[in-house]
Every structure is written in structure tokens, then in C-alpha cells.
2 protein chains.
Amino acid sequence: MGRGKIVIRRIDNSTSRQVTFSKRRNGIFKKAKELGILCDAEVGLVIFSSTGRLYEYASSSMKSVIDRYGRAKEEQQLVANPNSELKVSLVDLR
Amino acid sequence: MGRGKIVIRRIDNSTSRQVTFSKRRNGIFKKAKELGILCDAEVGLVIFSSTGRLYEYASSSMKSVIDRYGRAKEEQQLVANPNSELKVSLVDLR
DNA sequence: GCTTCTATGTATAATAA
DNA sequence: TTTATTATACATAGAAG
């Protein structure tokens, strides 16, 4: 997308890498916002630059996204391995 | 980006919304991966569809991203409000 | 570390399967 | 829900502030 085609690998020149980071970071945040609005989705995006600086976007709030993520992963765990916690519960019922 | 220009607001037609979600989700995941590689950044992306399904991508691992996020926010908190915890520490030192 | 310019590479809207 | 096609809209590489 630009004057030349690029290969996707770490940009060696630190100045170019910084400029590309700035542009693409803006681009992806825009995409994240659009996706949330267009498709009625909840989106959370966290980016740490190579210098360690944090950039974030959440369609709702990051706390909401992370909490929901945790709950969703728990459910996935139960579906993937139905015996794990359920077994405990059944044992506890006796 | 396509046959017609669109306005960024919720797509009413659920079939179109779903198709757009599928395409744009792929697009943004690709962008997230590229950003991580090109710019040596740590990226975490969480998306819940309008039907509640979870989609995720992390350049490292989501746990790593969330943990680092938590630590970064704590630091921000301290920088923004230097008196909060520091005051306690100083008091404790006496 | 962000912005402008602009030629060019990409993503994707509309549509159909 | 994902994919194929293709015309268009958009993102961005490179260069220079």
C-alpha cells in the first residue's frame, strides 16, 4: 500500500519503523472502531510499541473487554474439557 | 473500499452485517499481525461478534498482553497521580 | 514522533454461490 | 458462515518536512 510493495518482516531502520508504526497504528485503530460500529461488535485492542509505550482502544471499556474475555475463556475450557470442573461439582454433591 | 462508499454506522441487514464482520475481522487480524512483525510491537486484539462469539489474536500470548496491560496502567496511575501510593510509602517510612 | 504529498498496493462493498 | 469476483475506495511506502 504505497509507493512500493513491502515484505512483512521487522523494519530494520528505526526511523522508518517508527514512521510505519505511527501510520499503521492509526490505521488499525480506525479499523477497530469501524468494525465495532458497523458490525455491533465489542472490540479491544492493545498495542505496546517497541519502546514499551502503551496504546489502547476499546469500543466499550478495556475492563469490560478483559472481564468478558476471561469469562469466555472459562466457558471454552468447560466445553473443551467437560469433566474438569464438573467432576469436582459432582463429587462435592455427594 | 469496495463497489460503493459506506457510512460508518451499524449495518441493519443482519446477513450483510455478518458478511462484513467476517471480511473485516480477517482484515484487522492481518493488520494486527503485520504491525507486530513490521514494527516489533506486542499486539493483543479481542473481538466479540454481535452474537457473542469470541475471536482473538495476540502477537505473544493474550495472558502476556493482559498482564503487561495491567502493569502499564498501574504505572500510568502513579504518573498521573503521584501522591496516591507514594504518600503511603513515605508515611510508612517514618 | 507526527504530518503532508501522491503513486501505488490493498481491503472490501456489492453480489452471487 | 465463508468464499469468489471485480470495481472502487482506502491505506500507506517513500520522501521530505
Side-chain angles (χ1 to χ4, degrees), chain A residues 1-59 62 65 68-69 71-73 75-76 79-80, chain B residues 1-59 65 68-69 71-73 75-76 78-80:
Chain A
M1 308 151 147
R3 296 301 182 74
K5 191 171 210 165
I6 60 161
V7 175
I8 303 301
R9 68 189 185 93
R10 185 174 187 283
I11 297 168
D12 288 323
N13 183 284
S14 70
T15 303
S16 306
R17 191 169 62 240
Q18 166 54 39
V19 171
T20 293
F21 180 72
S22 175
K23 290 179 179 178
R24 282 180 172 255
R25 174 166 44 78
N26 287 334
I28 198 170
F29 277 126
K30 184 180 178 190
K31 292 286 190 185
K33 288 172 195 168
E34 291 182 349
L35 183 64
I37 295 170
L38 288 170
C39 304
D40 203 21
E42 185 170 19
V43 181
L45 176 58
V46 171
I47 302 174
F48 288 98
S49 72
S50 59
T51 58
R53 174 111 75 126
L54 167 66
Y55 298 88
E56 62 177 302
Y57 168 75
S59 58
M62 196 57 78
V65 171
R68 190 176 179 185
Y69 177 80
R71 277 182 269 121
K73 292 306 272 187
E75 279 177 36
Q76 284 182 6
V79 172
Chain B
M1 310 150 144
R3 295 300 182 74
K5 192 172 210 164
I6 61 162
V7 175
I8 302 301
R9 67 186 186 95
R10 186 176 187 280
I11 297 168
D12 288 324
N13 183 284
S14 70
T15 302
S16 306
R17 191 168 63 241
Q18 168 53 39
V19 171
T20 292
F21 180 72
S22 175
K23 291 180 181 177
R24 281 180 173 255
R25 174 167 43 78
N26 287 334
I28 198 170
F29 277 126
K30 185 179 178 189
K31 293 285 190 186
K33 288 171 196 171
E34 292 182 347
L35 183 63
I37 295 169
L38 288 170
C39 304
D40 202 22
E42 184 170 19
V43 181
L45 176 57
V46 171
I47 302 174
F48 288 98
S49 72
S50 58
T51 58
R53 188 139 146 197
L54 167 67
Y55 298 87
E56 62 178 303
Y57 168 74
S59 59
V65 171
R68 190 176 180 185
Y69 176 80
R71 277 181 271 122
K73 292 306 269 188
E75 278 178 36
Q76 282 184 6
L78 284 178
V79 172

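Letters go in sequence order (proteins before strands), and every chain restarts at 1.
Rounded to an integer number of Å, the gap from CG of A:Leu38 to P of C:dA11 is 17 Å. The CE-C1' distance, from A:Met1 to D:dA11, rounds to 5 Å in whole Å. Rounded to an integer number of Å, the gap from B:Lys33 NZ to C:dA11 P is 12 Å. The interatomic distance linking A:Ile8 (CD1) with C:dG9 (C1') rounds to 11 Å, in whole Å. Between B:Ile6 atom CD1 and C:dA11 atom C1' there is a gap of 11 Å when expressed in whole angstrom units.
Contact check for A:Ile28 versus B:Glu34: no side-chain heavy atoms found under the 4.5 Å cut-off. Proximity of A:Ile47 to A:Phe29: side-chain heavy atoms (C-beta onward) are separated by under 4.5 Å at one or more points. For the pair A:Lys73/B:Leu54, a side-chain contact is recorded, criterion being any heavy-atom separation below 4.5 Å from C-beta on.
Put simply, the side chain of B:Arg9 never gets that close to the backbone of A:Ile37: no donor and acceptor are under 3.5 Å apart.
Heavy-atom contacts from other residues, nucleotides or ligands closer than 6.0 Å to CZ of A:Arg53 number 12 or fewer.
The side chain of A:Arg3 lies closest to C:dT6 when the candidates are C:dA14, C:dT6, D:dT1. Candidate nucleotides D:dT1, C:dT10, D:dC10 were compared by shortest atom distance to the side chain of B:Lys5, and D:dC10 ranks first.
DNA chain D lies under 4.0 Å from at least one heavy atom of each of the following residues of residues 20-32 of chain A: A:Thr20, A:Lys23, A:Arg24, A:Gly27, A:Lys30.
Of all non-hydrogen atoms in B:Ser59 and B:Ala41, the two that sit nearest each other are OG-O, 3.7 Å.
Sequence order on DNA chain D of the closest nucleotides to B:Thr15 and B:Gly4 puts B:Thr15 first from the 5' end. Toward the 5' end of DNA chain C, the nearer of the two residues B:Val19 and A:Gln18, judged by each one's closest nucleotide, is A:Gln18.
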